[in-house]
Amino acid sequence: MSNHSDGIGGLKYDKSKKAWPNELNIFFALIIIVLVFEALGQLLPYMKGQSMLFDFNTKRDGTILNIARIKIIILQVSIIGIIALGVTQVIISGGIDLSSGPLVGAAAMIVMSFAQTELVNGNPNPKAVFGAWAFDLPVLVPILVGLLFGAFIGLINGSLIAFTGIPPFIATLGMFLICRGIAQWWTRGQPVSFPTDQFAWLGSGMMPVFWFLLLALLFHVVLKYTVYGKHTYAIGSNEAAARMSGINVKRHKVMVYMIASMLAAFAAIILSSKNLTAQTGMGQFYELFAIAMAVIGGVSLTGGRGSIIGTVLGAMVFGVIQSGFTYIKLDAFYQLMAMGGIIIGAVVLDQWRQRSASARS
Amino acid sequence: MSNHSDGIGGLKYDKSKKAWPNELNIFFALIIIVLVFEALGQLLPYMKGQSMLFDFNTKRDGTILNIARIKIIILQVSIIGIIALGVTQVIISGGIDLSSGPLVGAAAMIVMSFAQTELVNGNPNPKAVFGAWAFDLPVLVPILVGLLFGAFIGLINGSLIAFTGIPPFIATLGMFLICRGIAQWWTRGQPVSFPTDQFAWLGSGMMPVFWFLLLALLFHVVLKYTVYGKHTYAIGSNEAAARMSGINVKRHKVMVYMIASMLAAFAAIILSSKNLTAQTGMGQFYELFAIAMAVIGGVSLTGGRGSIIGTVLGAMVFGVIQSGFTYIKLDAFYQLMAMGGIIIGAVVLDQWRQRSASARS
Amino acid sequence: ETIGVSIARFDDNFLTVMRNGMTDHAASLDGVDLQVEDAQDDVAKQLDQINNFVASGVDAIIVNAVDTSATQAMTAAAEAAGVPLVYVNREPINVNELPDNQAFVASNEIESGTLESFQICRNLRAAGKAGGAKGYILMGQLSNQAAVQRTKDIDDVIGMDMCNFMTIIDRQTAEWSRDKAQDLMTNWLSSGEDFDFVIANNDEMAIGAIQAMKASGIDMADVEVGGVDATQDALVAMQAGDLDVTVFQDAFGQGSGSVDAALALSRGEELDQKVYIPFKLVTPGNVADFLNKN
Amino acid sequence: MSEDIILETRGLTKHYGGVHALEDANFVLRKGEHVAIMGDNGAGKSTFVRQITGVEQRTRGEVIFDGQPVNFAGPLDAREAGIEAVFQTLALADHLDVPDNLFLGREKTKWNWLGPFRFLDYKAMRQDTLDALQKTGVKIPNIRNTIQYMSGGQRQCVAIARTASFHSKLTIMDEPTAALGVQETAQVENIVRQLKADGEPLILISHNMRQVFDLVDRVVVFRRGRICANLDIKNEDVTGEDVVAYITGAKTQEGYEDAA
Amino acid sequence: MSEDIILETRGLTKHYGGVHALEDANFVLRKGEHVAIMGDNGAGKSTFVRQITGVEQRTRGEVIFDGQPVNFAGPLDAREAGIEAVFQTLALADHLDVPDNLFLGREKTKWNWLGPFRFLDYKAMRQDTLDALQKTGVKIPNIRNTIQYMSGGQRQCVAIARTASFHSKLTIMDEPTAALGVQETAQVENIVRQLKADGEPLILISHNMRQVFDLVDRVVVFRRGRICANLDIKNEDVTGEDVVAYITGAKTQEGYEDAA
Ligand SMILES: Nc1ncnc2c1ncn2[C@@H]1O[C@H](COP(=O)(O)OP(=O)(O)OP(=O)(O)O)[C@@H](O)[C@H]1O
Ligand SMILES: Nc1ncnc2c1ncn2[C@@H]1O[C@H](COP(=O)(O)OP(=O)(O)OP(=O)(O)O)[C@@H](O)[C@H]1O
Ligand SMILES: [Mg+2]
Ligand SMILES: [Mg+2]
């Protein structure tokens, strides 16, 4: 971009000391975590010198990389990652969305009811929700139903926040309970299973990763280069100023929450397709982890700051941690503790790097 | 207080139009909710004209009030209410505490291990955690152990937030996971049961209510009339200003989180005593409900505003809702949805009253 | 040999006993490593855990399914990687289509709720209440299969001619928790309605209800209370005459049995693909037999 | 009503709870006229501006803009009607950089068929920003830094540049030079003179007597929430001391005895 | 070093990322002396104040206060050492009322043995607040309203009253009268004169030439982050035009050629 026209005099400005992009810190944190796991693999006696990301026997894939592990690292965070993309916008706009986890549960139940197949191994579908008319519908039907449901929930969230002025925490906490209620009420707690092949394809294999990265790219562009993105940052930075500058803050907030809920609903589609079932408990704690991914990625909970790239890296941190724990065979109790410690550590590291960067310059 | 010396000239000031205290709104919301339940009792055919709070048969207590119901309304929220007192301060100081729920689980496990009795129905205690030395200890031992554990967790939370500058959401989310890990690791998931009689007394009958109201009174005074309280509000209102005014912000934050965690640990003592057992899953979602109680009670999530009276009323809203649902025999699915709706509704009502109050004047 | 284990929930009392059965048994065998993971009641997480096990190159996988209707994707994942898989405790929905290197060691969930409510029905008849008895149902988390199934079992029993004198005043969820059950029961008591039985989806909730009833001075001899699991706390309550019915499931045995099955599969040994472990009814009459089992 | 009135308020009143911040303000501004509002701190000047621009909803009274009674729901409406304002609180988004703030709410864009997702034309905005800032005389080492750490005067100049960059039917400036240095103040005063030359009307709030006498045609004095004087300083013989006397309450103009 | 120096900085420097906001500032203040700092917007004046008061940590350089090299970890340390400051951003807690803000960090209390839980003496603080505000001449209808909605000038007077209420070894005021009305400005200038009479030293940042010439003994001019002139206006023959020339860079004083 233009280089010699960014200032209009005044103080001396030393271009070589440009601010260090936030995302790099997270990237370093990620690398450090990987290195720690690799080191543990070498040091722990019972690991017998195994590596996390490499596979020197090349027994399975013929490459030196442990492809299976690299795949699962990103696969297992793709779905929460999709939610985190929406949550990122919500937080940048100064809000918060607690309803995304339960929304996943409710949307999955509803979507799957429209994606069922008639015959399972030649027998009638034992989990049928509706009558014959709802069997083997084209895959677009459940997708549309899901997105519409998400848009509807987002519309309510957004309207409550924009027009009644209640705190986003409360509006989405209320919606949290409502969505859990919907999920359980839909089939009175019974799971819904056996989707059509078309539907099953959506979340099969590495498809979740594909969707995640595609959407991440899309929303990276939207947040960084469009008016929608700029207004999202402006509202989160100073809502009163945004209003005084002539931004239609209310309408914009409704949009932000609708998009976030539609992303959560899309995550529900992919999730139920991946698991070939929908269950009322699906999506538990997803809202917390989606928020945590965003925050680890540098999104500020007071609004106005953050990026999609950061959130994607934040998601990767979780992926690496989860796979790393299984890889070093950590006990489940210690996993929880270590996960807590690493989340804190990653953000502390980020803070510390930011500070020392500004002190050094 | 002094009445004629609050201004020094300038505009006309009309004393009769004093701002309407926030707490009154919540009180009205509470009354409206009660009235709705009473009306439902009259209107729903299967309720046969029962009343929620009154008992015209006076068959059990000899009074016209349904004492049993009034007791349970407050009893069932007392323990989360104790947590909410601490959370109130944390939020007023501009922070948030997500770790209180899991802290309850971990503290309960630890406390109960020091409160076990030797003989159960004449047989040795089948759930013994430690050896003989830990049986039938004086009740002060488990209490002190619990409070120390809480203080320790709070110290870590507070220090992380104050000294590393990471967002409270992340510090306490990390602690959330760590505490869940501790709870499961303590006995590898086994519940701990059969406390001494002394310990069992702490949370028996209406004792939880007693503790809740006592602590509420204490913290009402602390927040409103002491330097500690004033600084808590100041930090939440404008942290930079508080620092520039010479408040030791870091030390104060550590205190706030320590007190909050000690209250959560105390809640764990009362809870495990009430249930005569400690289990790793205890306290699930308590953090969310404690925050919701505070926010319904008018505590602002951006800091600087709120009161203990509000939080107590917020807790009562939850108590009334929960009892009301059982009273009108609402299905569990609808309970969740209705609870979500009522939480939103109560806060919308509050917002709306505040606005119309300022518009009217 | 390394075996990856995914347990539906770590903070479930029954599953904890089963888990201990696995670890204790594995520790007694030479060269067997267990890697136990907590699926936290999340089907998706469980599937990811299986994939992580595959990436780590484990020799076999044991799954305690969060949701028995979600087992198809797990079977497919393990089959594709060629890793043997054993389902434990909960019968997978695709039990009849399992590939050769998969097996299950489980109980039929329908038994537990049925045994429990039928025994309550018989007790009520014995107490001379066949003319009509009212009661409450305490349900577990509604997102959980066992809760849904056990509640349905109660309805089925009441649907039988022999037990249709029982009527349900109200059914609510206490989410498996003693505390919530205590509060819920107190709420019910405050309506002042008379009742004869309380059927809970697990023991913890039954104990919570008992604590609430005792606190308001109800004589436990007048009320039939049933739970499921036969936990230590429940057995003690039964000895004290508070709890009337519970159902024992050999958690420890299921745990160790699943480890044996997994080892057999990974070594290519012959094995019964389906191992059913029956539930057993526990009443004050035979409580002594179970005291040291779970 | 005569044709050449751009803004008129009748009985405009605003109470905040018990505080009567603005009481019965009758105010007229003609096309092309520059008027200063003066008054003590807390006299209600900014409150008056907030009512006109729709930032707050008035307690009662009428606002007539460009011949139409108006009732702006928010500042967006006011801006669309043609009122540009520099608020005392500046209304800047702290985490955005200078061009973003300057064009907030009316970004230059490409591919407008994309609706809310149309693309920003960063390059054009940056160039225009440099031009607009030049006019205020402020110095900013790097306009792509976020605005949160800029000095008080730099922030104020960004807010002024924003208003000065867009043509409008009425410009309102609430203490625009309060934080400005000597040079910057002179530049901003030049901007005001340019507006006068262009015939654009202006309401200027200022505590600076010299500035007021240099720039405007007429002074309206607020005291304790009421208008207490309306002084035609271009044509009548009014001194700085007179104005101070009105501000402090030593004098009250005929016709405004209510404010005494 | 002579005994009568209260504050001295040597080579004080502050960089924010690439922005060199303050470069090699050598500054001396004698006991009882009143010095003004002037300079363009963004020249680094507030940055200088923030380094002295420990609000930020300097990049390099030394600060010697009252004969001791100091390195304040935060404003609390600076205040305890005896430096009172009115910051340009005012540092007020929006949700508290006027007495709370005035006494923030040094409340009047009872039952002090309760430590951090000692009780506030609201009544005494309210009375003292009214007295302190009186001195600034500001009018506030109800001091028990929260400060968030008060006018710009009211907020500024609260910040000034706070500083003026407590004795100190050094007072620093960053543009204290920027938002003030005519009367209030006069009152605040009286407060400054009183400090002079009491022999308390002062650093005053101001863009108001008249005010500076009325009040202080010496003017230090900042330009582009550096000190470019040190003018003894009491004893030498310096005019306003001279000062402006230094500010704009038309002139540079001998000994400060670096700043050119
Ligand atoms: N939202 C509000 N709630 C309560 N009081 C308010 C509110 N806004 C303003 N006030 C009060 O109204 C009065 C007028 O304020 P205003 O900001 O209009 O003064 P001003 O004339 O602009 O003063 P200044 O010259 O200091 O900017 C003040 O006493 C202020 O405290
Ligand atoms: N935290 C910061 N990060 C980056 N740049 C900063 C920061 N603080 C100040 N600056 C820059 O340093 C320069 C000096 O700012 P300072 O506030 O000291 O100016 P000033 O002389 O007080 O101006 P004014 O008269 O407008 O108050 C400005 O260009 C400002 O943008
Ligand atoms: Mg004003
Ligand atoms: Mg400054």
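None of these values were measured; they are calculated from a predicted model. So you know, we letter chains A, B, ... as the sequences are listed, proteins then strands, and number each from 1.
Of all heavy-atom pairs between E:Lys45 and E:His207, the closest is NZ-CE1, 3.6 Å.
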Evaluation steps, salt bridge (charged side-chain N to carboxylate O under 4.0 Å, His left out), between E:Asp94 and E:Arg155: CA-CA 10 Å; E:Asp94 271 347; E:Arg155 295 169 63 92; 3.1 Å; yes
For side chain to side chain contact (heavy atoms under 4.5 Å, CB included), just list the numbers for E:Leu204 and E:Val35, CA-CA rounded to whole Å, side-chain angles, deciding distance to a tenth of an Å, and then say yes or no. CA-CA 6 Å; E:Leu204 173 74; E:Val35 170; over 6 Å; no
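Applying the salt bridge (Lys or Arg N to Asp or Glu O under 4.0 Å) rule to D:Asp242 yields the partners D:Lys251; only residues at least two apart in sequence or on another chain are considered.
Using a 3.5 Å distance cut-off with no hydrogens or angles, the side chains of D:Thr177 and D:Gln211 do pair a donor with an acceptor. A donor-acceptor contact under 3.5 angstrom links the side chains of D:Arg218 and D:Asn230, judged on distance only.
Of the listed residues (E:Cys157, E:Gly153, E:Ser46), the greatest number of heavy-atom pairs within a distance under 4.5 Å of chain D belongs to E:Gly153.
Of the candidates E:Leu170, E:Ile172, E:Thr163, E:Thr53, E:Glu84 forms a side chain to side chain contact (heavy atoms under 4.5 Å, CB included) with just one, namely E:Thr163.
When heavy atoms are compared at a cutoff of 4.5 Å, D:Met150 does not approach chain E at all.
Residues of residues 178-185 of chain D lying under 4.5 angstrom from chain E, judged on non-hydrogen atoms, are D:Ala178, D:Ala179, D:Leu180, D:Gly181, D:Val182, D:Gln183, D:Glu184 in numerical order.
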